Amino acid sequence: MSELKVRNLELGKGKPKICVPLIAKNFEELFSEAIRLSKLDCDVIEWRADYFMYVHDARFMKKAAYFVRYAIDDKPLIFTYRTLQEGGGQHIELDEYVELNRMMMDTGLIDMVDLEFEMMLEKPSDIMVHAKEKNVKVLLSKHNNHFTPDVHNMYELIKDMYQLGGDICKLAVMPTDLQDMLNVLEVSNKIQTEHSEIPFVMISMGELGQLSRMTGELFGSSLTYASNGKYLSAPGQLPIPILREGMNLIGYKRGSR
């Protein structure tokens, strides 16, 4: 796995790091949830701002970011606004999406930003350059909540994300059968074998894809997503203890010979 340093964490080294979603609709929920998540056995916290009721108010968002950073202490923070078309909580116009992410980078309080690949293609901008200037890592993402593309398309999509400037390239797809999940693992292995320079995350969602969330150490994904104990931000997310147990078991088998 290609390694990437984020705050005090080395992504791509050893087992995949576990990320949990921070989901809240108001300030009271946001602060209490951030404190609760900071005590969980997770490595990274993803603030899903598309569920936050004040996301369209710049002044409130800066204040909220400060609260979250204070509550989670030194844990790496991903800022994510998942659009409605990719499974998010509410609609946002393209221009506002770009400016919101730019503003959050400017706070100096986030470590990574999840930018949707399709949004970046629709309106090319200097936001990727801006992220680098602010020392914020870019997680370029694509979510297909309806089906799993073929092996070739998934493989090329990850490479396209990296060429566009993603520090980490994430693809999450929905399987219709076990073969779809196996195809995700095939692409993961192909990337880590042929393009070891690309840090990536590949997830097969839903119950059929749960194995893909545990096998990153074998197949190359540097990050995996778990339930936070209350909410799922995507179908198929497992509780942290079960996810860690699965990763430990698979990791043990890998090195047992």
Side-chain angles (χ1 to χ4, degrees), residues 1-22 34 37-49 65-66 68-81 101-117 120 126-142 158-172 188-189 191-203 213-226 228 240 243-244 247-248 251 254-255:
M1 287 185 282
S2 180
E3 295 181 18
L4 184 71
K5 186 75 178 280
V6 180
R7 195 168 280 262
N8 58 350
L9 204 63
E10 291 185 66
L11 297 176
K13 186 174 183 179
K15 292 180 176 62
K17 302 306 182 284
I18 294 179
C19 179
V20 296
L22 170 56
L37 297 188
S38 72
K39 299 174 182 177
L40 297 182
D41 182 25
C42 64
D43 305 296
V44 182
I45 292 174
E46 178 190 38
W47 179 16
R48 282 290 301 271
Y66 174 80
V68 172
R69 180 77 271 163
Y70 175 81
I72 68 173
D73 195 21
D74 202 38
K75 283 194 175 181
L77 177 64
I78 303 175
F79 179 79
T80 299
Y81 189 106
N101 282 287
R102 184 190 302 275
M103 178 190 71
M104 297 309 294
M105 294 175 196
D106 289 341
T107 65
L109 299 169
I110 65 171
D111 304 294
M112 298 177 64
V113 61
D114 182 313
L115 297 176
E116 292 181 4
F117 182 60
M120 296 298 99
D126 63 349
I127 192 169
M128 311 284 283
V129 174
H130 192 69
K132 295 187 187 303
E133 290 173 349
K134 296 296 180 178
N135 198 30
V136 174
K137 303 300 183 186
V138 172
L139 191 158
L140 268 186
S141 66
K142 170 64 181 174
I158 291 291
K159 291 198 299 179
D160 289 345
M161 289 182 190
Y162 186 66
Q163 289 220 324
L164 191 62
D167 294 302
I168 301 182
C169 307
K170 177 189 176 186
L171 177 60
S188 298
N189 189 53
I191 295 166
Q192 75 165 347
T193 301
E194 299 178 4
H195 292 280
S196 60
E197 74 280 6
I198 302 179
F200 70 92
V201 180
M202 287 203 64
I203 298 169
R213 297 182 181 274
M214 304 178 186
T215 55
E217 189 174 7
L218 287 172
F219 291 95
S221 282
S222 57
L223 194 65
T224 188
Y225 292 73
N228 68 18
I240 296 171
L243 185 57
R244 283 212 184 274
M247 290 195 300
N248 288 337
R254 179 188 181 191

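Here the structure is a predicted model, which means the values were calculated and not measured.
Note that CG of Leu140 is 12.0 Å distant from OH of Tyr162, once rounded to the nearest 0.5 Å. With rounding to the nearest 0.5 Å, the separation of CG in Leu223 from CD1 in Ile203 is 7.5 Å. Rounding to the nearest 0.5 angstrom, the gap separating the CD atom in Glu194 from the NZ atom in Lys159 is 8.0 Å. Note: Asp106 CG to Asn101 CG = 11.0 Å, rounded to the nearest 0.5 Å. With rounding to the nearest 0.5 angstrom, the CD atom of Glu46 is 11.5 Å from the CG atom of Leu37. Here CG of Leu243 is found 9.5 Å from CG of Asn248. Values are rounded to the nearest 0.5 Å.
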Practice problem: Go through the steps for Leu11 and Met112 under the test side chain to side chain contact (heavy atoms under 4.5 Å, CB included), then give the verdict. | Solution: CA-CA 12 Å; Leu11 297 176; Met112 298 177 64; 4.3 Å; yes
Exercise. Take Asp111 and Lys75 through the test salt bridge (Lys or Arg N to Asp or Glu O under 4.0 Å) and record every step on the way to the result.
Key: CA-CA 9 Å; Asp111 304 294; Lys75 283 194 175 181; over 6 Å; no
Exercise. Decide yes or no on side chain to side chain contact (heavy atoms under 4.5 Å, CB included) for Met161 and Ile198, but give the supporting numbers first.
Key: CA-CA 10 Å; Met161 289 182 190; Ile198 302 179; over 6 Å; no
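Smallest separation of non-hydrogen atoms from Met247 and Met214: CG-O, 3.4 Å. Of all the heavy atoms in Gly14 and Glu217, the pair that sits closest is O-CG, 4.1 Å. For Asp114 against Ser141, the heavy-atom pair with the smallest separation is OD1-OG, 2.6 Å. The shortest heavy-atom contact between Thr107 and Ile110 is OG1-N, 4.3 Å. Between Val6 and Pro76, the shortest heavy-atom distance links the atoms O-CG, 3.8 Å. Nearest approach of Ala226 to Ile240, heavy atoms of both residues: CB-CG1, 3.9 Å.
Looking at Ser188, its side chain never comes within 3.5 Å of a backbone N or O of Gly220 through a donor-acceptor pair. In terms of modelled atom types and a separation under 3.5 Å, the side chain of Thr224 and the main chain of Arg213 share a donor-acceptor contact. Under the 3.5 Å distance criterion, the side-chain polar atoms of Lys17 are matched with a main-chain donor or acceptor of Lys15. With hydrogens and angles ignored, the 3.5 Å screen pairs a side-chain donor or acceptor of Gln192 with a backbone N or O of Leu218. A distance-only check finds no donor-acceptor pair linking the side chain of Lys13 to the backbone of Leu9 [under 3.5 Å].
Within the 4.5 Å cutoff, side-chain heavy atoms of Phe117 are placed close to those of Asp160. In this structure, the side chains of Leu4 and Ser222 stay at 4.5 Å or more apart for every pair of heavy atoms. Looking at heavy atoms from C-beta onward, Arg7 lies in side-chain contact with Asp74 at the 4.5 angstrom threshold. Here the side chains of Ile78 and Cys19 are in contact, with some heavy-atom distance below 4.5 Å. Side-chain contact between Met105 and Ile127 is present, with at least one heavy-atom pair separated by less than 4.5 Å. Two residues are said to be in side-chain contact when any heavy atoms from C-beta on lie closer than 4.5 Å; Arg102 and Asp126 meet this criterion. Annotation: side chain of Leu109 is not in contact with side chain of Leu77 (no heavy-atom distance under 4.5 Å). For the pair Phe200/Ser221, a side-chain contact is recorded, criterion being any heavy-atom separation below 4.5 Å from C-beta on.
When the shell of 6.0 Å around CD of Glu197 is examined, it contains more than 12 heavy atoms from other residues, nucleotides or ligands. With a 6.0 Å radius and a threshold of 12 heavy atoms from other residues, nucleotides or ligands, Asn8 has its CG atom above the threshold.
A salt bridge links Asp43 with Arg244; the closest basic N to acidic carboxylate O contact falls under 4.0 Å.
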